[in-house]
2 protein chains.
Amino acid sequence: MTAEHWLEQLHDHGYRITAARRAVVDTIFGATHALTPIQVYDAARKKYRALGLVTVYRTLEKLEELHLIQRVHQPMGCQAFIAAGVGHQHLLLCQQCGQVEFFEGDDLEALTKSIAKKTGYQIKEHWLQLFGLCANCRA
Amino acid sequence: MTAEHWLEQLHDHGYRITAARRAVVDTIFGATHALTPIQVYDAARKKYRALGLVTVYRTLEKLEELHLIQRVHQPMGCQAFIAAGVGHQHLLLCQQCGQVEFFEGDDLEALTKSIAKKTGYQIKEHWLQLFGLCANCRA
DNA sequence: TTTCTTATTGAAAAACGTTTTCAATAATTA
DNA sequence: TAATTATTGAAAACGTTTTTCAATAAGAAA
Ligand SMILES: [Mn+2]
Ligand SMILES: [Mn+2]
Ligand SMILES: [Zn+2]
Ligand SMILES: [Zn+2]
């Protein structure tokens, strides 16, 4: 999965490849921190000066729609985005520096079955997120 | 835990008991759905007509500060609040009607240990939320 | 390539949710 | 009861997101 592949994906869904979209994609692809629209704007403008903030919003919307990025919910706010994980993955966030990683291998089946029985709910999805200190920030 | 107890809590922390605060507390206490500030405003105004939206924001702020309510994060938005769970609990939400329940008894220790080892993170907290259909909405 | 169609653009304005300001009011204390 | 001061709602300010719109540029067709 490369930034060029994101552009292909956009193209395959009938969207045009533009300098503005390239700048946004290049900025958010491979970022190790979740970025807010303004942060994307500031960073992407270094690659493409004429970029408008509106276009950032519109591009993020499309990338989210294609599941190439996903929103990151945090205590501070829920307006940040990061490259989406592939398959079933969850986020691990550093409370100090904001670094974001994915992990997999959670097994919540026993739990969800037990809760379903107890509550009468049919459970369809789950959100799981871990917070802590990354190796760097622990030191 | 009663609505009157929330008011006591406010009072014990040096806040005054007012008609506006009573209306907000009565509205959000015991609600089965997470409520946004505007929803609280609309509902609470039926009990206290002169209530201002600003006071709703300010009261929610204080109730959250005292851990009497907590923010509910959802795909649709993250501006809603509900009476906080006691102890270590997590949310279970109905995707159809929005009903909110708490559950406990999740055991993520094996998982967090494994992820800590794998990633070098020191894991401090976790967010877990289940989504599904409540008994009513299944039918 | 050149032409044509139309999706995309950025600027400006509008809309939106939230916070700040402020003078009047009302809850608590003395 | 009088004095103090936290709280109030209205209005204004604020930051973010969305809408509007005419100009532009990407991609298709020739
Ligand atoms: Mn999972
Ligand atoms: Mn837990
Ligand atoms: Zn870190
Ligand atoms: Zn339901």
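Treat the numbers as computed from the prediction; the structure is a model and nothing was measured. Labels below follow one simple rule: chain letters A, B, ... track the order of the sequence lines, proteins then strands, and each chain is numbered from 1.
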(request) Using a 4.5 Å cut-off on heavy atoms from C-beta on, say whether the side chain of A:Ile82 contacts that of A:Ile28. (result) no
(request) In plain terms, say whether A:Arg22 and A:Glu4 are close enough for a salt bridge, that is, a side-chain N and a carboxylate O under 4.0 Å apart. (result) yes
(request) For A:Gly52 and for B:Glu61, locate the closest nucleotide of DNA chain C by heavy-atom distance; then report the residue assigned to the nucleotide nearer the 5' terminus. (result) A:Gly52
(message) Starting the side chain at C-beta, find the nucleotide from C:dT18, C:dC22, C:dT9 nearest to B:Tyr57.
(response) C:dT18
(request) In whole angstrom, give the distance that lies between atom CZ of A:Arg21 and atom P of D:dG27. (result) 9 Å
(message) Output the rounded distance in Å from NE2 (A:His11) to C1' (C:dT8).
(response) 14 Å
(request) Any chance you could measure A:Gln95, atom CD, to A:Cys137, atom SG, to the nearest 0.5 Å? (result) 10.5 Å
(request) For A:Leu7 and C:dA7, give me the distance from atom CG to atom P, rounded to whole Å. (result) 19 Å
(message) Please pick, from D:dT16, D:dT8, C:dT9, the nucleotide with the shortest atom-to-atom distance to any side-chain atom of A:Ile38.
(response) D:dT16
(request) With rounding to the nearest 0.5 Å, note down the distance linking CD1 in A:Ile115 to CD1 in A:Ile123. (result) 6.5 Å
(message) What's the closest nucleotide to the side chain of B:Gln79 if the choices are D:dT7, C:dT18, D:dT18?
(response) C:dT18
(message) Please tell me if A:Thr18 has a side-chain N or O lying less than 4.0 Å from either OP1 or OP2 of C:dT9.
(response) yes
(message) Expressed as a whole number of angstroms, how long is the span from B:Leu53:CG to D:dA11:P?
(response) 14 Å
(message) I want to verify a distance call: between D:dA10, D:dT8, C:dT8, whose nearest atom is closest to the A:Tyr15 side chain?
(response) C:dT8
(message) Closest approach to the side chain of B:Val54, judged atom by atom: which nucleotide of D:dG27, C:dC22, C:dT19 is it?
(response) C:dT19
(request) Among the candidates C:dT9, D:dA6, D:dA25, find the nucleotide nearest to the side-chain atoms of B:Arg16. (result) D:dA6
